[in-house]
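In what follows, a structure is listed as structure tokens, so that the remarks can point back to it.
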Amino acid sequence: MDDIRKSLKKAISDQGWIYADRQHRIGNPFEWVDGDLTANLGAFTGVRGLLQYLSLFYEQYPLPDSIKTEDYDQMRQYIEGVIRRLYNNLVPFEPAVDLDPKAYIESSALVRAQDYSIICSLCPDMKKKGINHLDIGSGIGSHAVYSLKGFDSCFYSIEAVSHTYAVQRDFYRFLSEGNPVYLDLVECENFNLNNSQMKALVNSFGQYKIKHVPSWHFGMIDDNSIDLVTATWVLNEVTFSGIMWLISHCSRALKKGGYFYIRDSSKLKPLRHQINYDELLIDLGFKEAGRANVRNRIDLHGIPRAYYKDTESSYNFFELVDKCIGKFGITVHGGDYVQNLPAGQIS
Ligand SMILES: C[S@@+](CC[C@H](N)C(=O)[O-])C[C@H]1O[C@@H](n2cnc3c(N)ncnc32)[C@H](O)[C@@H]1O
């Protein structure tokens, strides 16, 4: 994991996040507010670290029939099989601690099969096979399972948190089953590839099925190259700067007509940031493609919704910051410490 931290530190310095406006006014976009506030997250590496992310899901809410694809049950069983094999491979004995692997495996598979099914029904114009799918804040990395199987995708995983990136490495290596289809940009840096060589690899077509991209290298992904973005339980946990970074790059990298799928509580959590990202997407020229008519943790876990990009234009990070907080807004201290925001710009 030291190599991931080293890559982050270098990028923060090289990209100027430690100087002037970015250091003193806007803040760096690679922080995780909720993660930093959650005791023990990041304290464990290896198998226990991975199981912390697997146990993110332990409840089960069935999917309404109206948004079930024909292959929903098959997909759910497939994902469950993959995650069960992973678990048995990592923990080939009976643990003598309070774990409920059956619940974590079944719930994780359920949530991801639901994502697959809901994406199919909310994004009818998306190509059925061979898409470029970019997931931000990938947790264990389980979006890759339905994506590779159901969409025959090339899966891009964007992550900003070093210990989560390390967990994803283990998961993506397991999924690759010994085949040379997993591209890890931090490993490329470890072997002294320069930025243009990494950019060429990350945008190459054919060999790689999983492209693992630290968020500080998001800019290497080509404009108009992505068909689907997924962001599940991530946007409401990051800082103002994180939202600006992720939304500006996603809107740049998405093709016109591409879809942006979000699933979370659909509420702004207090003290993270004050930007309503659903409204921001509409403001940037996205149109709502659909929203599941459900109540969070009553009917379903999270409120899934999708937008499609209905514009050729996009904003870079600095343009988007200007648009949202002007030249004098101060967000670096986060939470309630924001100052000088233009009236009416932030909900
Ligand atoms: C609550 S987890 C959700 C995981 C996953 N999306 C899922 O649904 O299973 C939040 C994820 O966002 C990542 N994350 C946190 N801050 C981030 C940031 N500033 N930029 C990108 N990803 C971030 C975390 O490391 C983690 O992978």
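Because the structure is predicted, anything quoted here is derived from the model rather than measured. Both counts, for ligands and for their atoms, begin at 1 and track the order of listing.
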[Y] side chain reached by [X] side chain, heavy atoms, under 4.5 Å:
{"X": "N224", "Y": "R252", "answer": "no"}
{"X": "L8", "Y": "W216", "answer": "yes"}
{"X": "F260", "Y": "F286", "answer": "yes"}

Self-check item: Closest to atom 27 (O) of ligand 1 among G35, G42, G139, S157 (heavy-atom distance)
Solution: G139
Practice problem: Give the single entry among R112, E31, E159 that approaches atom 7 (C) of ligand 1 most closely by any heavy atom. | Solution: R112
Practice problem: Please work out whether the ring planes of F30 and W245 are parallel, tilted or perpendicular, with thresholds of 30° and 60°. | Solution: perpendicular
Exercise. Mind telling me whether H163 and Y53 have parallel, tilted or perpendicular rings, with 30° and 60° as the class edges?
Key: tilted
Practice problem: Please indicate whether N293 has more than 12 foreign heavy atoms, meaning atoms of other residues, nucleotides or ligands, lying under 6.0 Å from its CG. | Solution: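 12 or below, so no.
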Quiz item: For K6, does the NZ atom sit with more than 12 other heavy atoms under 6.0 Å from it, leaving out its own atoms?
Solution: no
Would you mind listing which atoms of ligand 1 come within a distance below 4.0 Å of any non-hydrogen atom of [X]?
{"X": "T232", "answer": "3 (C), 5 (C), 6 (N), 7 (C), 8 (O)"}
{"X": "T164", "answer": "25 (O), 27 (O)"}
{"X": "W233", "answer": "1 (C), 2 (S), 3 (C), 8 (O), 10 (C)"}
{"X": "G137", "answer": "4 (C), 5 (C), 6 (N), 11 (C), 12 (O), 13 (C), 22 (N), 27 (O)"}
{"X": "V238", "answer": "16 (N), 17 (C), 18 (C), 19 (N)"}

Quiz prompt | ligand 1 contact on A231 by region, counting heavy-atom pairs under 4.0 Å | solution =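 No part of A231 is near ligand 1 at this cut-off.
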If you measure from each heavy atom of [X] to ligand 1, is any distance below 4.0 Å?
{"X": "P29", "value": "yes"}
{"X": "G242", "value": "no"}
{"X": "F57", "value": "yes"}

Practice problem: Starting from atom 21 (C) of ligand 1, find the nearest protein heavy-atom neighbour and note its residue, name and distance. | Solution: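 In this structure, atom 21 (C) of ligand 1 has A160 CB, 3.6 Å as its nearest protein heavy atom.
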Exercise. Write out the residue and atom name of the closest protein heavy atom to atom 16 (N) of ligand 1, then the distance separating them to 0.1 Å.
Key: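 Checked against all protein heavy atoms, atom 16 (N) of ligand 1 sits closest to W32 CB, 3.3 Å.
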Practice problem: Flag the pair K269 and D34 as a salt bridge only when some basic side-chain nitrogen lies within less than 4.0 angstrom of an acidic carboxylate oxygen. | Solution: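 Yes.
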Quiz item: Looking only at N/O atoms, are V234 and ligand 1 under 3.5 Å apart anywhere?
Solution: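 Such a contact does not occur with ligand 1.
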Exercise. Applying side-chain hydrogen bond (donor to acceptor under 3.5 Å, both in side chains), run through S147 and H133 and close with a yes or a no.
Key: CA-CA 7 Å; S147 182; H133 173 182; 2.8 Å; yes
